[in-house]
Amino acid sequence: MQMKYVTTICPYCGTGCALNLVVRDGKTVGVAPSNRSPVCSGKLCSRGLHAADALNEGRVVQPVVKGETSDWETAIGKAAELKKYAAGEIIIITSPRITNETQYLVWKFAHSLGAAIGVIHGGSGVPTVKLDELKDADVILALGNVMQALPLTGNRILQAKENGARLLYLGPQSYTAVQADTVEITDEYKELPPGFGALLKNAAHPAVVYMANDSAAAKLAEGLGISAAVLYDTNNGRGTSLMGIGPLSLQESTKAALVIAETPLMEQDIYADILQKLDSLELTVVAASAETSLSAIADIVLPIASQHESDGTVTNWEGRVQMLRKAVDSPVGVKSLQEVLAELAEKMGLGIPSGTPEEMYTALAGEISAFGNSTYEQIAKPEGVFVQEV
């Protein structure tokens with residue numbers, strides 16, 4: 001029996017906690033905390049503790065064409081029919097859980113194809129406070145259930161309370177509301193309740209915390225003029241946003257879609273709301289590592305490597321770029337998303353970059369200035385590297 005620990009990043013929320021995947025005889029069998037990470041300091045939430053399950057459950061291991069298992073050559077050939085659609089007729093829905101390097105390739109593929117690219121339930125916004133700085137705030141305004149969405153970020157908020165900070169809450173009844181000192185239960189964020197504004201104005205180090213995909217909260221927060229923690233709910237949501245990839249909806253003109261579908265076990269199936277629209281398209285191609293609601297309606301399903309079956313980097317909500325490391329090999333017959341994109345591009349006569357993850361990061365850093373101040377050697381350190389704010 002061979003056992004090893006592979007230090008990597010949790011596949012769930014945008015806090016970016018490091019963890020050690022326990023690998024035995026080539027399979028992930030458990031999780032152990034990583035004490036070297038400044039993000040989580042050896043702590044994990046319940047989802048992180050079950051991260052090994054997210055890599056193994058419901059795997060897709062064979063291509064599927066029109067509901068029948070297929071070989072790769074046939075499936076790629078059918079998927080390449082995306083090429084026949086005009087620029088305004090095709091979209092690419094990508095996942096904010098894939099690595100920066102692979103996201104860069106998806107972005108280049110979309111541009112080469114002339115397709116619109118975006119994410120479902122994605123967000124935007126630039127945080128002006130770092131994770132560790134939250135615990136030093138003296139008044140924190142939480143908009144929405146931020147502590148349940150990102151539990152280890154919530155721990156920093158609780159540390160601030162222990163240090164004497166006042167926690168204000170505005171939003172629906174929730175776990176965060178239960179933890180707050182002053183609560184206003186509402187489904188809307190039109191204005192600050194009486195008294196909230198004065199508390200924030202008189203604070204020496206106030207901060208507002210909200211989810212990047214909550215546009216109403218963002219509008220209210222922007223008017224406050226104080227430090228903001230803009231939280232992304234996926235492990236590479238911030239990295240995806242930095243590439244200019246934001247929320248996308250299907251238009252009446254949309255006839256075909258390529259969907260990169262990554263939804264780990266224990267996460268909400270974000271595609272449920274658009275199933276009917278996707279099902280009505282002429283061609284829907286889904287690249288996924290595990291079964292989702294898309295599997296039943298897709299014309300073509302292409303099995304791809306799961307997170308932690310390849311190397312790369314991800315960017316947490318505060319802008320910390322960290323190394324996601326390969327822990328195990330993919331099941332036999334499964335290809336990496338990079339391989340799938342390369343084969344599709346060749347079949348369709350498109351040109352996209354190729355190379356190692358490090359070479360892809362270098363290319364990304366050359367185009368997206370936020371990533372231009374870091375190297376793979378620096379990112380490999382436990383603390384990672386912060387992006388360059390522009």
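One-based numbering along the sequence shown.
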Student: Establish, from distance only, whether the side-chain atoms of Ser249 and Gln251 form a donor-acceptor pair under 3.5 Å.
Tutor: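 Present: a donor and an acceptor within the cut-off.
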Student: Remaining members of Val178's ILVMFWY cluster at a side-chain heavy-atom cut-off under 4.5 Å?
Tutor: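 Besides Val178, the hydrophobic cluster comprises nothing; the residue is isolated.
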Student: Is there a side chain to side chain donor-acceptor pair (under 3.5 Å) between Tyr169 and Ser174? Walk through the geometry before answering.
Tutor: CA-CA 10 Å; Tyr169 175 78; Ser174 67; 3.0 Å; yes
Student: So Phe371 and Val387, do their side chains get closer than 4.5 Å, heavy atoms only?
Tutor: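 A side-chain contact under 4.5 Å exists here.
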Student: If the condition is side-chain hydrogen bond (donor to acceptor under 3.5 Å, both in side chains), which residues does Lys78 pass it with, not counting sequence neighbours?
Tutor: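 Partners of Lys78 under the side-chain hydrogen bond (donor to acceptor under 3.5 Å, both in side chains) test: none.
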Student: Which pairs count as side chain to side chain donor-acceptor pair (under 3.5 Å) when at least one residue sits in residues 133-144, sequence neighbours excluded?
Tutor: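 Output for this query is empty, none listed.
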Student: Do Cys17 and Tyr12 have side-chain heavy atoms sitting under 4.5 Å apart?
Tutor: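 A side-chain contact under 4.5 Å is absent here.
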Student: Around atom CZ of Phe196, are there more than 12 heavy atoms of other residues, nucleotides or ligands at under 6.0 Å?
Tutor: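 Yes.
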Student: In the single-linkage hydrophobic clustering (I, L, V, M, F, W, Y; side-chain heavy atoms under 4.5 Å), do Ile98 and Ile9 co-cluster?
Tutor: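 In one cluster: no.
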Student: With a cutoff of under 4.5 Å between side-chain heavy atoms, which Ile, Leu, Val, Met, Phe, Trp and Tyr residues group with Val334?
Tutor: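 Val61, which link up through side-chain heavy atoms under 4.5 Å apart, make up the rest of the cluster.
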Student: For a side chain to side chain donor-acceptor pair (under 3.5 Å) check, start with the C-alpha distance between Tyr232 and Thr315, then their side-chain angles and the critical distance, and finish with the verdict.
Tutor: CA-CA 10 Å; Tyr232 289 79; Thr315 310; over 6 Å; no
Student: Report yes if some heavy atom in the side chain of Glu309 is under 4.5 Å from a heavy atom in the side chain of Asp329; otherwise report no.
Tutor: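 No, every pair of side-chain atoms sits at 4.5 Å or beyond.
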Student: So, using side-chain hydrogen bond (donor to acceptor under 3.5 Å, both in side chains) as the criterion, who are the partners of Glu191 when residues are at least two apart?
Tutor: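 If we apply the side-chain hydrogen bond (donor to acceptor under 3.5 Å, both in side chains) test to Glu191, skipping adjacent residues, there are no hits.
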Student: Which pairs with one or both residues in residues 341-353 pass side chain to side chain donor-acceptor pair (under 3.5 Å), sequence neighbours excluded?
Tutor: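 Qualifying pairs, neighbours excluded: Lys335-Glu343.
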